[in-house]
Every structure is written in C-alpha cells, then in structure tokens.
**Student:** 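To start, I am sharing the structure in question, which I have written as structure tokens.
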Amino acid sequence: MLPCANYYRPEILADELDTLFDPLWQFGALAGELAADRDFVCVDYKNTATVLQNFRGEIRAFANVCSHRFNRIQPGERGNRPLMCAYHGWSFDSTGFPHGMPRRDGFALDDRERLCLTGYEIEMCGIFVFFRKRSGGPSLREYLGAFYPLLEQIGSYFGPEIDTGTISHAANWKLLVENVLECYHCSVVHQDTFVKTLGIGRAGIEQERFDGPHSSSHFPRTATAGEARRQKALAYLDTRAFTHDSFFHIHIFPNLFISSTQGLSFYVGHALPLSATETGLRFRLFEPKLDLTRAQRAAQDLINQSGKALGRAVIDEDRAILENVQRGVELSEKPGVIGRDEIRIAAFMRAYTHLMGGGSLGGIPSIDDHVAAGDPARSIAE
Ligand code: FES
Ligand SMILES: [Fe+2]
C-alpha cells in the first residue's frame with residue numbers, strides 16, 4: 001500500500017505531475033470529438049491547460065494559454081471555433097504561430113519562439129488521441145505495449161455518444177483509480193445499480209492482464225432477477241461486433257479507464273487531479289456501433305436514457321464513498337490492506353512506486369511473478 005500522505009500532500013501531487021504526468025503519454029480526446037475543422041477539446045488539471053485542435057484535418061496540441069498575455073484561448077471542455085484568443089484577437093495556426101494579430105506592425109515578429117504557443121507531441125491509437133507535454137521517450141505504441149492493439153480494437157466498437165460530463169470529487173486522483181481497478185466493492189456500493197440491473201458485482205475478478213503500468217480484467221456477470229426479460233429486450237443488439245458476458249475494464253496509466261458492459265455500452269473515464277484532494281472525473285458514455293431500424297432506434301433511445309441515469313448513479317455512489325475515504329486517509333495512522341480481488345491495485349501501486357522512485361518504464365516489476373509465487377493475497381500484502 002502507498003503511504004497515506006500520498007493521498008493528501010500537495011508536494012506529492014507536484015512530484016506526481018512532474019514524474020507521472022508530464023513525461024508520459026496522456027489521454028486527451030476521442031477522434032470523434034476532433035473530427036471537423038476547428039473542433040477542439042480542452043484538458044484541464046493542476047498546472048495544465050491543454051487544447052487539442054483540428055486545423056483542416058491536422059490535429060495539434062498546445063498549452064491553452066495565449067502567448068500574448070496569458071488569456072485562456074479555448075473556453076469550456078470542447079466545441080468548434082478557430083484557435084483565437086478572445087482578449088486581443090490573436091488567432092493561431094497549426095504551428096502555434098499567431099498568423100492573425102490586430103495591429104500586427106506594433107509587435108516584433110522575428111521572435112517566433114516567444115510568439116508561438118507551447119506545443120505538445122500528439123499520437124493516436126485508434127480513436128484515442130494522446131498528447132505528451134515533455135517530448136522524448138517511448139512512442140505511444142511502445143508506451144501502451146499489449147494494450148495498444150486492445151485500445152485500437154475496442155475503440156472501433158464505439159457508436160454514438162450517450163452522455164458526457166465532468167463530476168468533481170473531493171478526493172485524491174489515486175482513490176478514483178483504485179476504485180475502478182476492483183469490483184470487490186460493487187456488491188456493497190452498487191447493489192441497486194450494477195448488481196440488480198446488470199448482474200455485475202457478485203463474482204470475483206477474472207482474466208487479469210498486466211503490461212507495464214497498465215492492466216485490464218473482466219468482472220463476470222451473474223443472472224439478474226429479470227434475466228429472461230432483459231435478454232429479450234436486448235435481443236436486437238445480438239449482432240453487435242463485441243460481446244462478452246462481463247464488465248470488461250482497462251486502466252491506462254496513470255488516469256484513463258475504458259470499459260465495456262457486455263459490448264452493450266462503452267465508458268471512458270479520465271481522472272484529472274485538480275489539487276491533492278480534488279479530482280475531476282471526466283466521462284463519456286457510448287452505445288455500440290450498429291445499424292438500427294427505426295423501431296430499434298427508438299428502443300435504443302430508451303435504453304440510452306436508463307444507461308445514462310445508471311452511469312451517473314454509479315459515479316455518484318462511488319463519489320460518496322471516495323469522499324469518505326479521503327477523510328479516512330487523512331486520519332489513518334497505518335496503510336491499508338489489499339486482497340486477491342484487488343490485485344490490479346497492487347500492480348498500480350507497484351508501477352507508481354517504481355516510477356516515482358525514478359525507475360524506468362521498462363523496469364516495472366511484474367505482478368505476475370507474485371501471483372505465480374503462491375498465495376496472491378499474501379504476496380500482495382507483503
Ligand atoms: S492575451 Fe491573447 S491576444 Fe492578448
Ligand atoms: Fe464503483
């Protein structure tokens with residue numbers, strides 16, 4: 001377990017941003033959000049305001065801070081407008097240069113370095129757009145390892161967006177990560193949502209997979225009380241391309257989660273640290289990609305309505321607990337305990353500790369060795 005202080009000390013967050021966020025590939029947006037000319041997505045967290053912007057088909061990432069006198073350039077979370085500052089009207093091209101400047105001759109135009117926005121590296125894996133603030137290091141493909149083809153594939157099943165938003169949590173970002181790496185809490189916290197409605201949460205973790213700091217697993221389903229009715233109502237979705245009788249969850253280090261509920265809906269969660277004790281959970285929910293008849297479309301719209309309500313209810317159930325846990329870590333005098341169903345948390349903590357200690361991405365100790373060594377709960381606890 002990590003020391004409790006890691007969940008509330010501002011200087012630890014400063015270290016994390018410097019070690020785990022700035023030099024690594026970070027999730028920025030989904031391709032669909034940047035599909036049209038002038039589409040933009042903003043990513044905001046402590047010490048970082050980034051904008052990803054489509055310039056006639058080219059996707060670029062910049063600090064969302066005007067090089068003139070620091071105004072935030074693009075507003076909100078996403079939208080469609082040119083990369084133009086609303087203070088004195090500078091407009092920027094795909095290289096970050098202010099090609100449009102009112103009363104241009106009043107400025108020294110030869111210092112391109114100072115006039116240009118700070119640019120970031122950008123790479124895509126299927127529909128997932130990543131950026132990197134500090135250049136150099138492994139390619140996105142190398143960083144994601146075995147999860148690269150998995151992300152490429154799972155993104156190809158996403159249909160239209162059902163819901164999106166950001167929900168503020170009075171909790172450290174790692175508590176949000178740890179929360180989604182296990183479903184041990186599901187039968188207690190999500191009894192009326194996950195368990196009763198979807199049949200997820202009663203069975204233990206399965207098919208865990210680890211590569212570098214990333215992990216995935218399935219949380220199998222058990223029959224719901226109205227299982228036959230549920231199956232019948234969802235029969236029109238049987239031709240979907242991705243099916244599995246579980247909740248399938250992927251964690252991309254440090255703060256991106258992607259999950260699929262039986263291939264019936266897809267969720268992307270992004271835990272953005274706002275301070276050592278506050279996190280914005282930005283989420284997007286999708287239906288599967290399918291050609292639907294008009295009647296099926298109407299049925300899907302109803303399912304989306306309840307899926308949207310269910311998704312927000314689950315987030316709220318977790319948020320209430322995590323805000324209590326935040327108070328707890330600030331009061332506890334000893335680290336907690338991790339069991340077999342929480343093995344992905346152990347792997348996360350192992351990668352976190354290794355990287356925060358100055359270790360390389362390639363040298364992250366494997367959690368598989370510990371599982372193979374005998375009683376996993378014991379080896380995790382040691
Ligand atoms: S601050 Fe952006 S144009 Fe002046
Ligand atoms: Fe949960």
Side-chain angles (χ1 to χ4, degrees), residues 40 42 49 51 53 62-75 81-93 96-109 111 114-118 167 169 171-205 217-221 246-251 255 257-261 265 267-271 279 281 283 285 307 309-326 341-342 344-345 348:
F40 70 88
C42 299
V51 57
Q53 174 96 29
F62 296 106
N64 193 16
V65 177
C66 186
S67 49
H68 178 218
R69 277 177 35 222
F70 320 120
N71 186 37
R72 180 188 168 100
I73 306 171
Q74 291 294 34
R81 69 186 282 280
L83 190 58
M84 190 180 92
C85 180
Y87 197 175
H88 308 94
W90 285 20
S91 53
F92 298 88
D93 65 19
F97 183 77
H99 66 92
M101 298 162 79
R103 289 180 242 149
R104 189 180 185 86
D105 50 7
F107 289 89
L109 295 173
D111 194 350
R114 261 173 88 177
L115 289 171
C116 277
L117 299 175
T118 304
I167 294 177
H169 290 54
N172 182 272
W173 69 275
K174 297 187 292 304
L175 292 182
L176 277 78
V177 172
E178 291 162 12
N179 172 252
V180 296
L181 294 180
E182 49 93 355
C183 209
Y184 181 46
H185 71 277
C186 295
S187 64
V188 183
V189 177
H190 305 307
Q191 186 57 234
D192 292 332
T193 47
F194 259 30
V195 177
K196 277 199 187 136
T197 315
L198 304 175
I200 294 158
R202 283 195 208 95
I205 191 167
S217 66
H218 284 265
F219 300 103
R221 235 172 54 81
S246 64
F247 180 68
F248 175 48
H249 187 274
I250 304 168
H251 170 227
N255 62 344
F257 334 125
I258 300 156
S259 59
S260 161
T261 304
S265 66
Y267 169 86
V268 177
H270 195 197
T279 303
L281 175 65
F283 67 93
L285 187 67
L310 186 84
R312 285 184 177 249
V314 168
I315 291 174
D316 230 41
E317 288 166 347
D318 281 324
R319 188 188 51 74
I321 292 284
L322 294 176
E323 294 187 348
N324 275 328
V325 174
Q326 182 64 39
D341 261 26
E342 297 158 303
R344 291 175 64 203
I345 298 182
F348 167 68

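Positions are given from 1, in the same order as the sequence printed here. We count ligands from 1, going down the list as the structure has it; atoms in each ligand are counted the same way. Hydrogens, waters and symmetry mates play no part in the numbers below; they use all other heavy atoms, side chains included.
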**Student:** Checking His185 against Asp318: is there a side-chain donor and acceptor pair closer than 3.5 Å?
**Tutor:**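 Judged by distance alone, the side chains do pair up.
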
**Student:** Counting no waters, how many protein N/O/S atoms sit under 2.8 Å from the Fe ion (ligand 2)?
**Tutor:**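 If we list every protein N, O or S atom nearer than 2.8 Å to the Fe ion (ligand 2), we get 4.
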
**Student:** Below 6.0 angstrom between ring centroids: does that apply to Phe348 and His251?
**Tutor:**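 They qualify: ring centres under 6.0 Å apart.
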
**Student:** Ignoring water, what protein N, O or S atoms are under 2.8 Å from atom 4 (Fe) of ligand 1?
**Tutor:**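 Sorted hits: His68 ND1, His88 ND1.
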
**Student:** Do any N or O atoms from the side chain of Asn64 and from the backbone of Gln74 form a donor-acceptor pair under 3.5 angstrom?
**Tutor:**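 Looks like yes, one N/O pair under 3.5 Å.
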
**Student:** Within the structure provided, determine whether Ile258 and Tyr267 are in side-chain contact (heavy-atom separation under 4.5 Å).
**Tutor:**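 The answer is no; the side chains never approach within 4.5 Å.
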
**Student:** One pair to check against side chain to side chain contact (heavy atoms under 4.5 Å, CB included): Asn179 and Phe257. What are the steps and the verdict?
**Tutor:** CA-CA 11 Å; Asn179 172 252; Phe257 334 125; over 6 Å; no

**Student:** Does atom OH of Tyr87 have more than 12 heavy-atom neighbours from other groups under 6.0 Å away?
**Tutor:**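 Result for OH/Tyr87: open.
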
**Student:** For Ala271, does its backbone N or O pair with a side-chain atom of Asn255 as donor and acceptor, under 3.5 Å?
**Tutor:**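 Confirmed, Asn255 side chain pairs with Ala271 backbone.
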
**Student:** Above 12 or not: heavy atoms from other molecules or residues under 6.0 Å from OH of Tyr184?
**Tutor:**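 No, because the 6.0 Å sphere around OH of Tyr184 holds 12 heavy atoms or fewer from other groups.
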
**Student:** Can we call the ring centroids of Phe247 and Phe194 under 6.0 Å apart?
**Tutor:**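 Yes - the distance between ring centres of Phe247 and Phe194 falls below the 6.0 Å cut-off.
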
